[in-house]
> 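Below is one structure. I have some questions about it.
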Amino acid sequence: MANGTAKPTGLAFSRETFAKLTPGPFLQAHLQQAEPVRANGRSLDAFRTPTINTGSLSHSNGSAVVRIGDTAIVCGVRAEVLLASDIPIPPSDDSSEDEMVEQLGLLVPNVELSTGCSPSHLPGNPPSTLAQALSYRILSLLHTANLINLQDLRIQYTEPPTDEDLPDEGPKVVTKAYWTLYLDVLCIALDGNPFDALWAGVLSALQNTQLPKAWWDPDREMIVCSPLASEATRLQLRHLPIASTFAVFSTASPIKARSEAQSWVLADPDDFEEAVCVETVSVVVTSEDDARESVLKLEKCGGGHVGKVEMGQCVRLAHQRWRDWQGVIGG
């Protein structure tokens, strides 16, 4: 330039480059606005809208496809007969029916994360521990929730009367077998918060499950199942517990006093938010017999940024999420 020197231009990055190079400061810049808004455009307490389709897998006893944002899963239920005579250690007489479901292993979830479901699950990568951890969490919640009545999984036989029976004794009913439900859950797209989507898929698939009419044939000494769909019975769930997960983003660092740090609770975190958050909280809310909803289970993982106030906020939002889900999963 004539009569002067050119002013240096500032270094500016595009939104996508800023987010990729410094994801933490990028999210922090959004949250520190006068009206905090997340990088995905949602407010702090906004959940993604779920969609559910059931009965898509024709060769399973029950199935569901659940999509929450860009996280999508498929769940299929496969019912198999477990003969009582094949149980190596029968449950004790003191065991309750709910304990017997766990002891007999009648609910068997298996979670798989498909290749390509997220950037961290590329072809050739070793299997991650995430699928195994999610399988354990689903199994634990199935046993805690006591969703299924053991009587619905029994295959019983009424023995014919004999000369040794006492006159005042009624017919003797024995359990010859149980239905074992294998829940195969495949995550086909993962954009954060897989647990909520997986659990919703398990609930929806169990609601959709139909068990064939089965009985004990004493002549052939085996369980026989009817091929007629009209004779099948739909599995009944006692209640519909809903899981809501939250992530905590904090500005805390080793060189900053804890009192100076800020933290935000983000409902239903996506994959980008999970990568920069330091703590997660999962709240499971349910209601039985049309009573007021209550907290069934609470899990926390990570640092110590969630106090009484933040935990109360998570529980309050989880209760609201439970009400919202009833029209989706219970309709």
> Main chain of Gln262, side chain of Thr251: is a donor-acceptor contact present, judged purely on distance under 3.5 Å?
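It does hold such a pair.
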> Do Val295 and Val306 belong to the same hydrophobic cluster, where Ile, Leu, Val, Met, Phe, Trp and Tyr are linked whenever their side-chain heavy atoms lie under 4.5 Å apart, directly or via other members?
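Hydrophobic grouping puts Val295 with Val306.
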> Please report the interatomic distance CG(Leu147) to CD(Gln236), rounded to the nearest 0.5 Å.
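Result: 12.5 Å between the selected atoms.
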> Is the shortest heavy-atom distance from the side chain of Tyr182 to the side chain of Asn61 under 4.5 Å?
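No, too far: nothing below the 4.5 Å cut-off.
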> Locate the shortest heavy-atom distance separating His121 from Leu113; write the atom from each residue and the value.
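Nearest pair, atom of His121 first, then Leu113: NE2-CD1, 3.3 Å.
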> Taking all atoms of both residues into account, what is the closest heavy-atom pair of Ser263 and Val248, and its distance?
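Shortest heavy-atom contact: CB-CG1, 4.2 Å.
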> Which residues pass the salt bridge (Lys or Arg N to Asp or Glu O under 4.0 Å) test with Asp196, sequence neighbours left out?
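Result, salt bridge (Lys or Arg N to Asp or Glu O under 4.0 Å) vs Asp196: none returned.
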> State whether the number of non-hydrogen atoms from other residues, nucleotides or ligands found under 6.0 Å of Gln33 atom CD is greater than 12.
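Yes, because the 6.0 Å sphere around CD of Gln33 holds more than 12 heavy atoms from other groups.
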> Find the distance between CG (Leu181) and CG (Leu82) and round it off to the nearest 0.5 Å.
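Here the interatomic distance stands at 11.0 Å.
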> For Ile148, which of Val101, Leu142, Leu107, Thr209 qualifies under side chain to side chain contact (heavy atoms under 4.5 Å, CB included)?
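Going through Val101, Leu142, Leu107, Thr209 one by one, the side chain to side chain contact (heavy atoms under 4.5 Å, CB included) with Ile148 is satisfied by Leu107 alone.
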> Once side chain to side chain donor-acceptor pair (under 3.5 Å) is applied, what residue pairs with a partner in residues 130-150 remain, sequence neighbours excluded?
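Every pair satisfying side chain to side chain donor-acceptor pair (under 3.5 Å) with a residue in residues 130-150: Arg137-Ser282, Arg137-Glu299, Ser140-Lys297.
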> Taking all non-hydrogen atoms of both residues into account, name the closest pair between Thr71 and Gly192 and its distance.
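What the structure gives for the nearest pair is OG1-O, 2.9 Å.
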> Are the side chains of Asp152 and Leu211 in touch, meaning some heavy atoms are under 4.5 Å apart?
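Counting from C-beta outward, Asp152 and Leu211 never come under 4.5 Å.
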> Say you draw a straight line from SG of Cys277 to CD of Glu274; how long is it, rounded to the nearest 0.5 Å?
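The CD atom of Glu274 is 8.0 Å from SG of Cys277, to the nearest 0.5 Å.
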> Does Ser60 use its side chain to pair, donor to acceptor, with the backbone of Gly62 at less than 3.5 Å?
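Judged by distance alone, yes, a pair lies under 3.5 Å.
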> Can you find a pair of side-chain heavy atoms, one from Ser244 and one from Trp322, that are under 4.5 Å apart?
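Contact flag for Ser244/Trp322 side chains = no.
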> Quick one: does Val185's side chain get under 4.5 Å of Pro109's, heavy atoms only?
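No, every pair of side-chain atoms sits at 4.5 Å or beyond.
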> Set out, in order, the CA-CA distance, both residues' side-chain angles and the distance that settles side chain to side chain contact (heavy atoms under 4.5 Å, CB included) for Phe195 and Leu134, then state yes or no.
CA-CA 7 Å; Phe195 181 69; Leu134 289 169; 4.2 Å; yes
> Between Arg67 and Gly69, is there a donor-acceptor pair closer than 3.5 Å when you use the side chain of the first and the backbone of the second?
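Judged by distance alone, yes, a pair lies under 3.5 Å.
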> Please examine the side chains of Ile242 and Glu293, heavy atoms only from C-beta on, and report whether any two atoms are closer than 4.5 Å.
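They are not in side-chain contact.
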> Decide whether Leu31 and Phe272 are clustered together by the hydrophobic rule: side chain heavy atoms of Ile, Leu, Val, Met, Phe, Trp, Tyr closer than 4.5 Å, transitively.
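Yes: a chain of side-chain contacts under 4.5 Å links Leu31 to Phe272.
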> Answer yes or no: does atom CG of Leu228 have more than 12 heavy-atom neighbours from other residues, nucleotides or ligands under 6.0 Å?
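Above 12, so yes.
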> Given the rule in the side-chain hydrogen bond (donor to acceptor under 3.5 Å, both in side chains) test, do Arg323 and Gln326 qualify, once you have shown the distances and angles that lead to the verdict?
CA-CA 5 Å; Arg323 300 184 194 104; Gln326 297 312 298; over 6 Å; no
> Nearest 0.5 Å, what's the CG-CD1 distance between Asn208 and Ile52?
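With rounding to 0.5 Å, CG (Asn208) is 11.0 Å from CD1 (Ile52).
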> Among residues at least two apart in sequence or on other chains, which ones pass salt bridge (Lys or Arg N to Asp or Glu O under 4.0 Å) with Asp184?
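Salt bridge (Lys or Arg N to Asp or Glu O under 4.0 Å) check on Asp184 returns Arg78.
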> Applying side chain to side chain contact (heavy atoms under 4.5 Å, CB included), name anything that partners Ser43, two or more places apart in sequence or on another chain.
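Side chain to side chain contact (heavy atoms under 4.5 Å, CB included) check on Ser43 returns Asp45, Ala46.
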> Which heavy-atom pair separates Ile73 from Gly201 by the least distance, and what is that distance?
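Looking at all heavy atoms of both residues, the shortest contact is CD1-CA, 3.6 Å.
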> Could you walk me through whether Tyr178 and Arg154 pass the side chain to side chain contact (heavy atoms under 4.5 Å, CB included) check?
CA-CA 5 Å; Tyr178 301 89; Arg154 294 182 190 268; 3.7 Å; yes
> Under the side chain to side chain contact (heavy atoms under 4.5 Å, CB included) criterion, do Arg48 and Asn193 qualify, and how do the steps go?
CA-CA 10 Å; Arg48 293 173 289 184; Asn193 195 10; 3.7 Å; yes
> Side-chain contact test, heavy atoms from C-beta onward, threshold under 4.5 Å: evaluate it for Pro269 versus Phe249 and give yes or no.
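SC-SC contact between Pro269 and Phe249 ruled out.
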> Hey, could you give me the OG/NE2 distance between Ser287 and His319, rounded to the nearest 0.5 Å?
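These two atoms lie 10.0 Å from each other.
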> Answer whether the closest heavy-atom distance between the side chains of Leu44 and Arg38 falls below 4.5 Å.
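When only atoms from C-beta onward are counted, Arg38 and Leu44 do touch, with a gap below 4.5 Å.
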> Under 3.5 Å, is there a donor-acceptor pair between the side chain of Arg42 and the main chain of Asp268?
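Pair found, side chain donor or acceptor close to backbone of Asp268.
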> Do you know the tightest heavy-atom contact between Cys225 and Pro212?
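In terms of heavy atoms, the two residues are closest at CB-CB, 4.4 Å.
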> Does any non-hydrogen side-chain atom of Val309 lie less than 4.5 Å from one of Gln313?
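They are not in contact (no side-chain heavy atoms under 4.5 Å apart), so the answer is no.
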> Are Val276 and Val37 connected into the same hydrophobic cluster when the rule is that any two of I, L, V, M, F, W, Y join if their side-chain heavy atoms are below 4.5 Å apart?
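Looking at the clustering, Val276 is in a separate group from Val37.
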> Going by side chain to side chain contact (heavy atoms under 4.5 Å, CB included), name the residues that satisfy it together with Val278, two or more places apart in sequence or in a different chain.
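Ser250, His305.
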> Decide whether Ile223 and Trp215 are clustered together by the hydrophobic rule: side chain heavy atoms of Ile, Leu, Val, Met, Phe, Trp, Tyr closer than 4.5 Å, transitively.
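No, Ile223 and Trp215 fall in different hydrophobic clusters.
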> Between Leu83 and Ile155, is there a shared hydrophobic cluster once you connect ILVMFWY residues whose side-chain heavy atoms come closer than 4.5 Å?
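Cluster IDs for Leu83 and Ile155 match.
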> Before you tell me yes or no, could you show the steps for Trp264 and Gln32 under side chain to side chain contact (heavy atoms under 4.5 Å, CB included), namely the whole-Å CA-CA distance, both residues' side-chain angles and the distance that decides it to 0.1 Å?
CA-CA 10 Å; Trp264 296 266; Gln32 286 182 326; 3.8 Å; yes
> Decide side-chain hydrogen bond (donor to acceptor under 3.5 Å, both in side chains) for Gln103 and Ser95; before the verdict, give the C-alpha distance in whole Å, the side-chain angles of both, and the deciding distance to 0.1 Å.
CA-CA 9 Å; Gln103 293 172 5; Ser95 299; 3.2 Å; yes
> For the backbone of Cys187 and the side chain of Ser114, can you confirm whether one donor and one acceptor N or O come within less than 3.5 Å of each other?
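Present.
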> Suppose clustering is done on Ile, Leu, Val, Met, Phe, Trp and Tyr with side-chain heavy atoms closer than 4.5 Å. Which residues sit in the same group as Leu186?
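Members besides Leu186, by chain and number: Leu57, Val65, Val74, Ile188.
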> Closest approach of Leu296 and Leu141, non-hydrogen atoms and distance?
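Minimum heavy-atom contact is CD2-CD1, 4.2 Å.
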> Can you tell me if Glu102 uses its side chain to pair, donor with acceptor, with the backbone of Glu99 under 3.5 Å?
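Answer holds: no.
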> Is a side-chain N or O of Glu273 found less than 3.5 angstrom from the main chain of Asp270, in a donor-acceptor match?
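Checked: pair present.
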> To the nearest 0.5 Å, tell me how far Leu317 CG sits from Phe47 CZ.
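Answer rounded to 0.5 Å: 5.5 Å.
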